[in-house]
Number of protein chains: 2
Amino acid sequence: MTSPAVSSRDLPHPARDEIRLEPILHALSDPMRLAIVRELATVCGELTCSQFELPVTKSTTTHHFRVLREAGVIRQVYRGTAKMNGLRKDDLDDLFPGLLDALLGAADRQAVRLG
Amino acid sequence: MTSPAVSSRDLPHPARDEIRLEPILHALSDPMRLAIVRELATVCGELTCSQFELPVTKSTTTHHFRVLREAGVIRQVYRGTAKMNGLRKDDLDDLFPGLLDALLGAADRQAVRLG
DNA sequence: CGACTCGTACGATAGGCATCGTAGTATGGC
DNA sequence: GCCATACTACGATGCCTATCGTACGAGTCG
């Protein structure tokens with residue numbers, strides 16, 4: 001085996017050139033998904049799906065992560081039974097410089113404003 | 001008459017403090033509405049609803065403008081039979097500095113990339 | 001092998017929404 | 001007053017989606 005073979009299962013991600021602005025905005029317009037992205041941005045690394053404390057069932061959590069992945073916002077990869085999630089900051093910064101930071105900054109500012 | 005009395009009809013706008021990020025992102029995640037905002041940003045002034053060349057009926061156009069207004073993205077005011085539309089750039093820049101420019105920049109960049 | 005954990009798939013449900021067409025209201029000019 | 005213009009209101013339709021529950025698959029550890 002030449003590659004590390006993280007898993008036999010692999011997940012469909014959009015290529016960088018296929019990432020569109022509208023699906024990104026749609027993905028982030030859901031409070032649950034915006035919270036996920038904010039948390040991913042603060043840890044600045046990878047988290048498993050179950051490390052998020054979301055007030056929804058696991059099925060719904062799976063759904064939200066898939067929407068984020070298919071919009072090109074996060075990258076998901078299996079490691080054992082766990083699925084690691086990370087922001088596609090490199091690709092997003094390349095496609096839309098400053099956008100991710102502006103969105104995260106706006107979300108932070110709103111969180112402060114609303115207490 | 002002391003005020004210019006633009007019209008007896010007035011439209012409900014969210015106060016600046018009531019504007020939330022999620023509805024803004026939802027409003028801009030629709031290609032039609034993103035196109036409207038991009039056009040408003042380029043003219044940098046006010047436009048009537050009928051000055052937009054959108055491939056939908058007037059009913060649908062009215063709907064999109066209302067979504068944008070209720071999200072706090074645009075300001076609408078009647079002047080005679082016409083309804084003038086303008087970006088709420090001042091309020092948005094105050095609430096979320098840099099966000100609007102980042103969004104418009106991303107939209108421009110995507111438009112260039114897709115030809 | 002067997003049990004356990006993590007996440008998926010699928011169906012169901014309820015609500016939201018983009019779109020249309022038609023009928024209606026407000027404003028301005030004749 | 002009457003008509004044209006600009007936009008709205010309302011109902012209908014079909015699609016999308018956020019949520020759940022249950023049943024399942026993939027991997028790990030004993």
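The sequence lines fix the lettering, A, B, ..., with proteins before strands; numbering per chain opens at 1.
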Can you check the Met84(B) CE to dA26(C) C1' distance for me, whole Å?
-> 17 Å
Under 3.5 Å donor-acceptor, Arg33(A) side chain and Ala27(A) backbone = yes
To the nearest Å, how far apart are Asn85(B) CG and dC7(D) C1'?
-> 11 Å
Any side-chain heavy-atom pair from Glu70(A) and Pro12(A) closer than 4.5 angstrom?
-> no
Using whole Å, report how far CG of Asp10(A) lies from P of dG27(D).
-> 12 Å
So, with a heavy-atom separation below 4.0 Å from DNA chain C, the residues of residues 57-68 of chain A are Lys58(A), Ser59(A), Thr62(A), Arg66(A)
Compare all side-chain heavy atoms of Ile24(A) with those of Phe96(A) and state whether any distance is below 4.5 angstrom.
-> yes
The correct set of residues in residues 18-39 of chain B placing a heavy atom under 4.0 Å from DNA chain D is none
Do the side chains of Arg88(A) and Val73(A) get nearer than 4.5 Å, heavy atoms only?
-> no
Regarding Gln51(A) and Glu39(A), is there a side-chain donor-to-acceptor distance under 3.5 Å anywhere?
-> no
Could you check how far CG of Leu11(B) sits from C1' of dA9(D), rounded to whole Å?
-> 14 Å
Would a 4.5 Å heavy-atom cut-off, applied to side chains only, mark Leu99(A) and Arg109(B) as touching?
-> no
How close or far is atom P of dG7(C) from atom CD1 of Ile74(A), stated in whole angstroms?
-> 12 Å
Within this structure, what is the CD-to-P distance between Glu46(A) and dG7(C), rounded to whole angstrom?
-> 13 Å
Tell me which nucleotide among dC7(D), dG27(D), dT5(D) gets nearest to the side chain of Thr81(B).
-> dT5(D)
Under a 4.0 Å N-O cut-off, is there an ion pair linking Asp108(B) with Arg113(B)?
-> no
Does Tyr78(A) put a side-chain nitrogen or oxygen below 4.0 Å from OP1 or OP2 of dT8(C)?
-> yes
So do the side chains of Arg20(B) and Leu114(A) get within less than 4.5 Å of each other, counting heavy atoms only?
-> yes
Taking atom types as modelled, find out whether Thr62(A) and Ser59(A) have a side-chain donor-acceptor pair closer than 3.5 angstrom.
-> no
